[in-house]
Protein chains: 2
Amino acid sequence: MLAVDEVGSNRSVVTQLRAYLAQATLPEDGRLPPERDLSAALGVTRTELRKALGTLEAEGQIWRHVGKGTFMGNRPVDTLSDIAALSKRTNPAELMRARLIIEPEIARAAALTATPMHLAELRMCQARTREAATWRQYETWDTRLHRTVAEATQNTPLLGLFDMLNALRRAVTWGRLRSNPVKPEPDHHSFTEHETIITAIENRDMNGAAAAMRTHLQSVERNLLARQLSETD
Amino acid sequence: MLAVDEVGSNRSVVTQLRAYLAQATLPEDGRLPPERDLSAALGVTRTELRKALGTLEAEGQIWRHVGKGTFMGNRPVDTLSDIAALSKRTNPAELMRARLIIEPEIARAAALTATPMHLAELRMCQARTREAATWRQYETWDTRLHRTVAEATQNTPLLGLFDMLNALRRAVTWGRLRSNPVKPEPDHHSFTEHETIITAIENRDMNGAAAAMRTHLQSVERNLLARQLSETD
DNA sequence: AGATCCAACCAATTCGAAATTGGTTGAGAG
DNA sequence: CTCTCAACCAATTTCGAATTGGTTGGATCT
């Protein structure tokens with residue numbers, strides 16, 4: 001093999017690879033064939049191919065991962081959207097701040113898009129929370145009420161965000177069990193607050209819905225703080 | 001078989017089951033033994049056991065799922081927080097609506113909590129987008145700029161939500177990534193819009209930051225609609 | 001010597017057949 | 001008519017084998 005060929009071969013394989021990538025029909029996820037197959041297809045050694053792939057990876061044209069394969073485009077960001085990992089890095093106070101920022105806006109959107117079906121379900125959830133015989137039942141219907149608000153936005157990504165917040169809430173407050181065996185009292189603050197939220201949504205009052213949700217979450221937050229303080233008994 | 005025994009046996013199995021649940025040491029996830037084992041252990045028919053389990057399920061004491069098993073406690077909500085599943089149920093328009101609802105609020109929060117370090121990084125990202133030689137480079141720094149805004153909230157759950165939206169955006173717009181060879185023009189709308197956002201955050205102008213972010217996303221949306229090829233901001 | 005190739009190996013990941021599990025049906029016994 | 005039992009169904013999990021990018025050490029060729 002001549003020296004000219006050797007020196008040129010490096011560049012040549014990269015060029016050959018670029019040509020292949022420009023021409024090839026890749027699957028939806030941008031994955032390209034395994035190194036072993038690709039090296040055979042291009043008629044080059046795997047070592048040579050890997051050198052070329054290394055060049056393209058350094059340029060950011062492709063990214064690779066053991067066991068997964070080689071892909072075109074930017075390496076996907078190390079997403080922080082993993083509930084388990086996320087719950088270890090945060091705390092209830094921070095989570096409540098996030099809820100105070102997000103959920104009022106969800107309520108605002110819901111006021112614009114809620115259908116009669118959603119309104120009926122909201123009313124039903126509210127009735128069920130009032131009839132609840134135990135705190136467990138109350139929480140079940142309270143959770144469903146809040147989720148119905150999110151569903152009423154008729155926006156799938158928004159509903160996904162809400163679910164993520166909810167999952168986080170469960171994970172973060174995991175150790176805490178409601179030790180109170182009695183049922184919610186009839187004058188529990190949430191009843192009138194839920195009423196205000198639902199009424200605002202019914203009236204298509206976007207600002208009112210957002211404000212009511214904010215008020216509600218703030219009083220929930222106060223309650224949590226109070227309960228934590230009284231946990232000494 | 002006497003009628004008294006029939007009626008009584010139903011209740012008796014439920015009672016027996018309650019006793020078992022109260023006494024048994026369940027694994028961490030609250031899963032109880034398979035019906036086939038449990039029916040043998042309690043010395044009752046699977047049909048009988050299933051009737052009793054049905055009662056407890058109706059009461060909300062347990063929940064069941066084919067292939068998974070039977071578990072104590074409330075049925076976990078069908079969390080929609082899985083990127084892959086979510087991206088199949090939504091579309092770019094819906095996603096943009098969600099971004100228009102969420103990201104301005106993130107910018108608003110960032111205006112309150114951003115540190116000098118965050119401001120410096122915002123400025124650096126902005127400079128890099130202006131210097132970008134290719135759309136790919138521009139996109140890299142644009143993405144980092146927006147993420148820095150989210151980091152500036154200093155709120156982990158909020159950052160997680162932002163990452164989830166971002167991951168969704170990649171998944172949804174995957175099919176139509178175009179390799180536009182030219183670089184962003186110097187008068188690209190995003191440059192001045194980014195400037196407005198950063199300035200508002202520097203000035204602790206919460207309403208201004210939210211409004212600027214909303215304006216920015218709206219013009220990105222217009223751009224997307226106009227040319228339906230580039231997913232860049 | 002000094003690259004380069006090659007085969008084997010490694011660890012992360014994916015794939016797939018088989019086992020497990022709650023849900024359902026139909027024949028037969030009481 | 002009701003209950004039991006066995007078989008079957010479909011959703012899910014499990015676990016070993018195959019796949020894949022990354023690495024190493026000896027063989028091969030200038």
Side-chain angles (χ1 to χ4, degrees), chain A residues 1-14 16-17 21 26-58 60-73 75-76 78-79 82, chain B residues 1-14 17 21 26-58 60-73 75-76 78-79 82-85:
Chain A
M1 192 179 281
L2 300 178
V4 177
D5 282 351
E6 277 181 10
V7 176
S9 74
N10 258 349
R11 267 188 233 132
S12 142
V13 176
V14 174
Q16 200 176 351
L17 195 48
L21 291 180
L26 296 179
E28 186 64 15
D29 57 355
R31 175 179 184 173
L32 47 100
E35 294 181 351
R36 290 160 177 85
D37 297 0
L38 191 53
S39 64
L42 297 185
V44 300
T45 288
R46 184 151 97 104
T47 314
E48 267 182 326
L49 174 64
R50 281 184 54 75
K51 245 188 287 185
L53 286 174
T55 304
L56 291 199
E57 185 178 32
Q61 300 282 353
I62 62 171
W63 63 275
R64 306 184 272 184
H65 192 295
V66 198
K68 280 188 151 80
T70 307
F71 301 81
M72 288 210 57
R75 177 188 305 273
D78 189 14
T79 178
D82 181 86
Chain B
M1 191 178 281
L2 299 179
V4 177
D5 280 353
E6 278 181 9
V7 176
S9 74
N10 260 347
R11 272 192 224 127
S12 143
V13 177
V14 173
L17 194 48
L21 291 180
L26 295 179
E28 187 64 16
D29 56 356
R31 176 179 184 173
L32 48 101
E35 295 182 351
R36 290 161 177 85
D37 298 359
L38 191 52
S39 63
L42 298 185
V44 299
T45 289
R46 184 150 98 103
T47 314
E48 266 183 326
L49 174 65
R50 280 184 54 74
K51 245 188 289 185
L53 286 173
T55 303
L56 290 198
E57 186 178 33
Q61 300 283 352
I62 63 170
W63 63 274
R64 306 184 271 183
H65 193 298
V66 198
K68 281 188 150 78
T70 307
F71 301 81
M72 288 209 58
R75 177 191 305 274
D78 184 17
T79 177
D82 180 89
I83 304 290

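All figures in this text were calculated on a predicted structure; none of them were measured in a lab. Quick note: numbers below take in every heavy atom, side chains included, and nothing from hydrogens, waters or symmetry partners. Residue numbers begin at 1 in each chain, while the letters A, B, ... track the order of the sequences.
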For [X] and [N], give me the distance from atom [atom1] to atom [atom2], rounded to whole Å.
X: B:Glu57; N: C:dG23; atom1: CD; atom2: C1'; result: 11 Å
X: B:Leu32; N: C:dT21; atom1: CG; atom2: P; result: 12 Å
X: B:Glu35; N: C:dT24; atom1: CD; atom2: C1'; result: 12 Å
X: B:Leu49; N: D:dC5; atom1: CG; atom2: C1'; result: 15 Å
X: A:Arg46; N: D:dT24; atom1: CZ; atom2: P; result: 13 Å
X: B:Arg50; N: D:dC9; atom1: CZ; atom2: C1'; result: 13 Å
X: A:Asp37; N: D:dA18; atom1: CG; atom2: P; result: 17 Å
X: A:Leu38; N: D:dT19; atom1: CG; atom2: P; result: 17 Å

Response to the item:
Closest non-hydrogen contact found for A:Val13 with A:Ala52 is CG1-CB, 3.5 Å
Item to complete: Scan A:Glu35, A:Gln61, A:Arg46 and name whichever one has a side chain to side chain contact (heavy atoms under 4.5 Å, CB included) with A:Leu53.
Response: A:Glu35
Item to complete: Give the intermediate values and the outcome of side chain to side chain contact (heavy atoms under 4.5 Å, CB included) for residues B:Leu26 and B:Met72.
Response: CA-CA 9 Å; B:Leu26 295 179; B:Met72 288 209 58; 3.4 Å; yes
Within this structure, what is the [atom1]-[atom2] distance for the pair [X] and [Y], rounded to the nearest 0.5 Å?
X: B:Leu56; Y: B:Leu21; atom1: CG; atom2: CG; result: 6.5 Å
X: B:Glu57; Y: B:Trp63; atom1: CD; atom2: CH2; result: 10.0 Å
X: A:Leu32; Y: A:Leu38; atom1: CG; atom2: CG; result: 6.5 Å

Practice prompt. Indicate whether OP1 or OP2 belonging to C:dT21 is found under 4.0 Å from a side-chain N or O atom of B:Arg31.
Written response: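 Yes, such a contact exists.
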Item to complete: Please state whether the phosphate of D:dC5, meaning OP1 or OP2, lies under 4.0 angstrom from any side-chain nitrogen or oxygen of B:Thr47.
Response: no
Discussion item. Let's see if you get this right: which residues in residues 61-73 of chain B place a heavy atom under 4.0 Å from DNA chain C?
Written reply: B:Arg64, B:His65, B:Val66, B:Gly67, B:Gly69, B:Thr70
Discussion item. Measuring from the side chain of B:Glu48 (C-beta onward, heavy atoms only), which nucleotide among D:dG22, D:dT4, C:dT4 has the closest atom?
Written reply: D:dT4
Item to complete: Taking only the side-chain heavy atoms of A:Arg36 (C-beta and beyond), determine which of D:dA7, C:dC5, D:dG22 contains the nearest atom.
Response: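 The answer is D:dG22, which lies nearest to the side chain.
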Worksheet item: Is there side-chain contact between B:Thr55 and B:Leu17, with at least one heavy-atom pair below 4.5 Å?
Response: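 A side-chain contact under 4.5 Å is absent here.
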